[in-house]
Amino acid sequence: AQSVAQPEDQVNVAEGNPLTVKCTYSVSGNPYLFWYVQYPNRGLQFLLKYITGDNLVKGSYGFEAEFNKSQTSFHLKKPSALVSDSALYFCAVRDLGGANNLFFGTGTRLTVIP
Amino acid sequence: EPEVTQTPSHQVTQMGQEVILRCVPISNHLYFYWYRQILGQKVEFLVSFYNNEISEKSEIFDDQFSVERPDGSNFTLKIRSTKLEDSAMYFCASSVRVTYEQYFGPGTRLTVT
């Protein structure tokens, strides 16, 4: 069975500092991994994905994520946080050989402090 | 940039009533999905739809729920007899192919009283 864990409900970071939002996953086969962001009263916006290839994937708005198979992690990172990055971030996984729906984590609220 | 749209943005209904939530997926997408998010909880998969039939569904998607693509653009979720616990934000999503990322609509907030 697939599952995703986002161990931090809340992450606070000062503007200009690097940020990390953590995600670990569990699938029976090979994973498809995704990050989505949700702004207030908006739907989920796709940020980036890992399917295969380079373990470091780059996405929208300067975000990147690193796939680590041995640690079953897919942490979201950004070198320099902006106040406008403040939002709710969701990690999601799909089993490559399984059903095509996404399993989401519980979300991490990122607050960037000016 | 094309996007998924959903109507209405907010629906209030009484317990036992039928509701239909509407979605217009991105036009060249072939796979369609419904998810829901109960307030404060994680996003949960309900159903996926491809080639005019359900391809996957979760345990949540019981006989009270149905989906339909009545024409070439709309994708609907019907709840036949709403319960209080159906109150949630319902998201529609679509993707070009099953292996591609899913694009989500802004959601419909359903409140059952």
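Letters go in sequence order (proteins before strands), and every chain restarts at 1.
- Using a 4.5 Å cut-off between heavy atoms, B/S58 does not touch chain A at all.
- Heavy atoms of other residues, nucleotides or ligands lying less than 6.0 angstrom from CG of B/L39 number 12 at most.
- At least one side-chain heavy atom of B/F65 sits less than 4.5 Å from a side-chain heavy atom of B/D86.
- For chain B, the nearby part of A/Q38 is the side chain; its heavy atoms alone come within less than 4.5 Å.
- Remark: A/K49 fails to qualify as a cation-pi partner of A/F34 under the 6.0 Å distance and 45° angle criteria applied to the six-membered ring.
- For a residue to count as touching a neighbouring chain, one of its non-hydrogen atoms must lie under 4.5 Å from one of that chain's; by this rule B/Y31 touches chain A with the side chain only.
- Between the side chain of B/Q64 and the backbone N or O of B/S81 there is at least one donor-acceptor pair closer than 3.5 Å.
- For chain A, the option among B/R109, B/Q41, B/Q37, B/M89 with the highest count of heavy-atom pairs below 4.5 Å is B/Q37.
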